[in-house]
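Below, chain A is the first sequence line, B the second, and so on; all start at residue 1. Because only heavy atoms are used, hydrogens play no part in the values below, and waters and symmetry mates are left out as well, while side chains stay in.
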Amino acid sequence: MNALAQFSTPAIDVTPEGSDYETVRRVIEMITLDYRDQPSLETIAAEIGQSPTQLQKLFTRWAGLSPKAFLQAVTIDHAKRLLGTEGLPLLETSYEVGLSGPGRLHDLFVTHEAMSPGEWKAKGGGLMIRYGFHPSPFGLALVMATDRGLSGLAFADEGREREALDDMTRRWPNATYVEDKAATEPYVGRVFDRSKWLCDRPLRVVLIGTDFQMRVWQSLLKIPYGKAVTYSDVANDIGQPSASRAVGAAVGANPISFVVPCHRAVAKNGALTGYHWGLTRKRAMLGWETGGA
DNA sequence: TTTAATTGTAGTC
DNA sequence: GACTACAATTAAA
């Protein structure tokens with residue numbers, strides 16, 4: 001229970017970046033939710049308690065786009081464009097990776113190892129997972145790592161750290177969890193700093209899930225930066241065209257969000273559908289990538 | 001816009 | 001094992 005108390009303490013201003021996202025999140029929420037009666041920047045600023053100019057600046061610094069441009073970047077039209085051009089690159093690319101091995105997957109150089117639940121249960125029963133909370137451009141990030149590589153990445157709103165932790169530990173109940181910020185910290189820098197994406201040393205991740213989920217995730221890893229695919233595209237890619245619904249479920253179960261670019265999967269009509277850690281965050285990621293590209 | 005068809009998971013019995 | 005509810009869907013009426 002002591003640990004609990006520690007988590008529930010709302011960390012108000014962990015870092016500048018952390019609180020920035022909180023502000024940005026609210027802005028995105030407002031302009032996307034009430035797109036019908038498009039609140040002006042002034043209205044939003046007033047609501048949040050900041051001056052319009054200040055807000056404008058903050059937002060642009062964060063996303064690389066003005067709020068207006070950002071809004072446009074997450075519209076259906078834009079998503080459609082990401083989908084449409086260049087035919088079907090996803091389907092062309094063949095798997096050059098077996099179950100495990102290095103690969104140039106999207107723009108992050110990632111090596112992934114697959115582990116089935118059975119394997120996990122047998123071998124991973126006593127496995128230790130180190131975790132830690134770190135600030136990220138999308139709020140507080142919960143990072144989990146085994147000695148073989150990154151195994152989980154989740155997000156938490158401020159004060160909700162406990163929820164995220166529960167959500168992740170529930171997936172692999174047999175593991176031992178130890179808080180160890182020092183061990184997880186390096187991953188954060190690597191993942192959220194785009195300048196470090198191209199690097200000679202691959203990022204090592206460990207995928208834990210069923211066979212089907214693994215195929216889905218590997219498929220997602222092939223989506224290039226700034227592109228998007230539909231759930232049925234993925235379903236096609238793994239050879240089960242009618243399983244789009246199941247693909248959705250598998251995508252949602254992805255334990256390493258962001259690294260596995262689940263935010264690049266959209267519905268067929270271009271709309272952004274659900275997201276485990278909040279639709280707003282999905283929009284934020286997509287917009288963020290658009291801005292930096 | 002509502003509806004029916006669909007598939008892999010996880011939980012229950 | 002079988003059965004059921006559920007999920008980031010989709011195509012069709």
Side-chain angles (χ1 to χ4, degrees), chain A residues 25 28-29 32-33 35-36 73-80 82-84 88 90-91 99 106 114-122 124-125 138-139 141-142 151-157 163-164 166-175 207-224 226-290:
Chain A
R25 186 184 66 76
I28 298 175
E29 215 164 50
T32 51
L33 243 50
Y35 68 97
R36 226 163 301 244
V74 294
T75 55
I76 293 185
D77 280 348
H78 185 260
K80 273 184 180 161
L82 292 183
L83 286 171
L88 299 169
L90 184 63
L91 303 180
L99 259 197
H106 67 288
M115 212 184 273
S116 70
E119 224 178 333
W120 169 260
K121 204 169 184 183
F138 306 104
L142 169 58
S151 66
L153 176 57
F155 294 98
D157 288 323
E163 273 176 38
D166 279 346
D167 186 58
M168 293 306 279
T169 54
R170 212 177 307 124
R171 298 174 190 228
W172 314 302
N174 284 331
L207 261 30
I208 303 165
T210 66
D211 184 59
F212 180 80
Q213 288 169 337
M214 226 79 88
R215 297 210 308 277
V216 171
W217 298 338
Q218 287 177 355
S219 200
L220 286 179
L221 282 171
K222 294 190 299 190
I223 308 174
K227 274 273 185 55
V229 296
T230 67
Y231 294 102
S232 62
D233 280 342
V234 176
N236 263 310
D237 190 51
I238 62 176
Q240 299 179 44
S242 57
S244 55
R245 188 81 190 268
V247 166
V251 173
N254 150 43
I256 318 182
S257 66
F258 193 71
V259 174
V260 175
C262 47
H263 50 285
R264 293 184 194 150
V266 300
K268 193 135 198 181
N269 63 7
L272 260 55
T273 36
Y275 185 64
H276 189 83
W277 283 285
L279 204 48
T280 303
R281 210 183 304 265
K282 185 172 181 176
R283 289 201 188 90
M285 289 177 177
L286 222 42
W288 186 71
E289 289 198 347
T290 306

Quiz item: Looking for any heavy atom pair under 4.0 Å, which part of the strands does Tyr275(A) touch: base, sugar-phosphate only, or nothing?
Solution: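 Contact class for Tyr275(A): base.
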Exercise. With heavy atoms under 4.0 Å as the rule, sort Ala267(A) into base, sugar-phosphate or nothing.
Key: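 Contact class for Ala267(A): sugar-phosphate only.
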Atom [atom1] of [X] and atom [atom2] of [N]: how far apart are they, to the nearest Å?
X         : N       : atom1 : atom2 : result
Phe155(A) : dA8(C)  : CZ    : P     : 17 Å
Asp211(A) : dA10(B) : CG    : P     : 13 Å
Asn269(A) : dT10(C) : CG    : C1'   : 10 Å
Arg171(A) : dT9(B)  : CZ    : P     : 14 Å
Phe212(A) : dT6(B)  : CZ    : C1'   : 11 Å
Arg245(A) : dT6(B)  : CZ    : C1'   : 8 Å
Leu220(A) : dA8(C)  : CG    : C1'   : 11 Å
Ile238(A) : dT7(B)  : CD1   : P     : 12 Å

What distance do [X] atom [atom1] and [Y] atom [atom2] have between them, rounded to the nearest 0.5 Å?
X         : Y         : atom1 : atom2 : answer
Thr230(A) : Leu82(A)  : OG1   : CG    : 12.5 Å
Arg264(A) : Lys227(A) : CZ    : NZ    : 10.0 Å
Leu153(A) : Phe258(A) : CG    : CZ    : 8.5 Å
Lys80(A)  : Thr75(A)  : NZ    : OG1   : 10.0 Å

Self-check item: Pairwise C1' distance for dA7(C) and dT6(B), with rounding to whole Å
Solution: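 It comes out at 12 Å once rounded to the nearest Å.
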Quiz item: Do the two ring centres, one from Trp277(A) and one from Phe138(A), sit under 6.0 Å apart?
Solution: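 Trp277(A) vs Phe138(A): aromatic centres not under 6.0 Å.
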Would you say [N] has OP1 or OP2 under 4.0 Å from some side-chain N or O of [X]?
X         : N       : answer
Gln240(A) : dT7(B)  : no
Lys268(A) : dA11(C) : yes
Ser232(A) : dT10(C) : yes

Quiz item: Which nucleotide in the set dT9(B), dT10(C), dT6(B) lies at the smallest distance from any side-chain heavy atom of Gln213(A)?
Solution: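 Selected nucleotide: dT9(B).
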Exercise. Quick one: look up who dC6(C) pairs with, Watson-Crick or G-U, both distances under 3.5 Å, and put none if it's unpaired.
Key: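 Pairing partner, where one exists within any strand: dG8(B).
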